[in-house]
Amino acid sequence: MPANPTSTTPTNTIAPHRVPNFCAGPATMPTSVLEHAQSELLDWQGRGVSVMEVSHRSKEYMAITDKAEAKLRSLMDIPDNYKVLFLQGGASLQFSAIPLNLLNGGRGDYLTTGAWSGKAIKEAKRYEALGLGEINLVATGQDSNFADVPAISEWNISEGAAYFHYCANETIHGLQIFEPPQVDAPIIADMSSCILSQPIDVSKFGMIYAGAQKNIGPAGLVIIIVREDLLGKASEWCPMLLNYEHQADKESMSNTPATYSWYLAGLVFDWLEEQGGVAAIGKINQQKADLLYKTIDDSSFYNNPVATEYRSIMNVPFTLVDSSLDKVFLAESEEAGLLNLKGHRDVGGMRASIYNAVPLEWVQLLVDFMIAFEKKHG
Ligand SMILES: *Cc1c(COP(=O)(O)O)cnc(C)c1O
């Protein structure tokens with residue numbers, strides 16, 4: 001593990017034995033959650049076994065999953081007419097599950113605002129080729145290099161679409177759409193990297209899905225929140241494990257679920273409740289993002305290209321005006337104990353992912369480093 005802190009880095013008091021980690025995913029988890037899991041790893045509830053070693057259908061384990069769902073429902077204020085599923089295959093498998101469950105001979109509208117929504121439509125197109133329905137690109141932000149979203153007046157929206165898909169937070173491009181677009185079709189949002197980061201009105205959505213490894217817990221779990229009237233439309237080609245209605249009937253246990261990831265997600269929900277819930281963490285998230293963007297904007301050394309109204313509060317990409325210094329920035333930041341600031345290979349530069357479990361103090365350490373780096377090399 002890299003030394004932390006070094007002499008030039010301010011003291012990291014929040015969790016002195018933990019290194020500030022800005023990984024985009026799998027991402028930082030709350031220290032207290034990891035400590036809790038560690039404390040009962042070998043002897044869960046005094047049973048002499050770990051939670052990983054018990055039947056997913058046992059009463060004791062089901063108590064964990066029931067509680068995790070109840071907590072998530074309460075944190076997000078999920079209405080009763082929505083099912084909550086805890087499945088496997090990550091967010092990416094949902095790119096297939098969505099057309100297989102919902103296309104139903106109709107049209108699927110897709111908005112492309114970056115890498116992830118681009119992958120979603122690409123995958124959906126395969127089902128169009130199979131004759132399951134039509135896939136329609138409503139608009140793309142490609143012309144702006146995904147730094148902006150085309151105006152809704154220019155969108156090619158289908159009449160009576162089966163659904164409208166978009167990505168609420170483009171993790172790679174750092175572009176976030178804070179309110180669901182005003183379209184008539186049931187809205188499906190990929191919230192992998194922004195779920196639980198600020199309050200949203202679930203009733204505006206037909207379905208929300210999120211891979212867990214950004215803002216919830218470890219990899220291996222994808223959460224699906226789907227309105228009940230969207231169930232029962234699946235193609236006969238839809239694998240049972242991807243069939244929302246089937247999985248809802250089976251309480252996400254059609255086969256063995258990712259039991260340890262589910263358990264850890266439940267602990268993260270407990271932690272989030274202790275932080276005051278989504279509204280409280282949302283305020284801190286805004287402070288973290290404001291601090292970072294202000295540092296970028298106040299300098300002529302750093303740059304973030306995203307249109308102000310779409311700047312992500314979870315993933316902040318930035319470039320150095322002199323990109324020949326990128327390598328030096330990454331090497332020196334790591335030396336200073338600030339980990340995983342390399343931008344995605346598709347966009348280059350740097351990226352700080354500042355999910356719920358990243359404390360404001362870590363962002364302050366990063367900003368202090370950035371200012372010192374600019375002084376030294378600017
Ligand atoms: C990470 C991510 C994905 C892919 O998640 P996997 O769990 O790796 O399939 C999809 N969409 C968004 C917005 C992401 O951030």
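Ligands are counted one by one from 1 in listed order, and the atoms in each one are counted from 1 as well.
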Practice item. Heavy-atom distances under 4.0 Å are what count here, so tell me which part of Cys167 touches ligand 1: side chain, backbone, both or neither. Key: side chain

Exercise for review: Give the residue and atom name of whichever protein heavy atom lies nearest to atom 1 (C) of ligand 1, and the separation in Å to one decimal.
Suggested key: Lys214 NZ, 1.6 Å

Exercise for review: Heavy-atom contacts with Thr171 under 4.0 Å: which atoms of ligand 1 show up? List them by number with element.
Suggested key: 12 (C), 13 (C), 14 (C), 15 (O)

Review point. For ligand 1, is there an atom lying under 4.0 Å from some heavy atom of Asn169?
Key: yes

Review point. Relative to each other, are the rings of Trp116 and Phe95 parallel, tilted or perpendicular (30° and 60° limits)?
Key: tilted

Point to revise | SB check Glu245 Lys233 (cutoff 4.0 Å) | key: no

Point to revise | Between Tyr110 and Tyr163, ring centroids under 6.0 Å | key: yes

**Study point:** Gly90: numbered ligand 1 atoms lying under 4.0 Å from its heavy atoms
**Key:** 7 (O), 9 (O)

Review point. Closest non-hydrogen protein atom to atom 8 (O) of ligand 1, residue and atom name please, with distance?
Key: Gln213 NE2, 3.3 Å

Exercise for review: Would you indicate which of Tyr209, Phe95, Trp116 comes nearest to atom 4 (C) of ligand 1 when only heavy atoms are counted?
Suggested key: Trp116

**Study point:** Plane angle bin for Phe86 and Trp262 - parallel if under 30°, tilted between 30 and 60°, otherwise perpendicular
**Key:** parallel

Check your understanding: Quick one: which of Val321, Ile371, Leu320, Asp322 gives a side-chain contact (heavy atoms from CB on, under 4.5 Å) with Phe301?
Key -> Leu320

Check your understanding: Got the closest protein heavy atom to atom 9 (O) of ligand 1, with its distance?
Key -> Ser92 OG, 2.6 Å

Review point. Would you call Arg107-Glu159 a salt bridge at under 4.0 Å N-O?
Key: no

Practice item. Taking the six-membered ring for Trp and the full ring for Phe, Tyr or His, determine whether the centres of Phe369 and Phe329 are under 6.0 Å apart. Key: yes

Check your understanding: Does ligand 1 have any atom that is closer than 4.0 Å to a heavy atom of Gly25?
Key -> no

Check your understanding: So, the side chain of Thr171 versus the backbone of Ser193: is there a donor-acceptor pair under 3.5 Å, distance only?
Key -> no

Study note, to complete from the structure: ligand 1 atoms nearer than 4.0 angstrom to some heavy atom of Ala91 are 3 (C), 4 (C), 5 (O), 6 (P), 7 (O), 9 (O), 10 (C)

Check your understanding: Does ligand 1 have any atom sitting under 4.0 Å from a heavy atom of Gln94?
Key -> no

Check your understanding: Of all the non-hydrogen atoms in the protein, which one sits nearest to atom 11 (N) of ligand 1, and at what distance?
Key -> Asp190 OD2, 2.6 Å

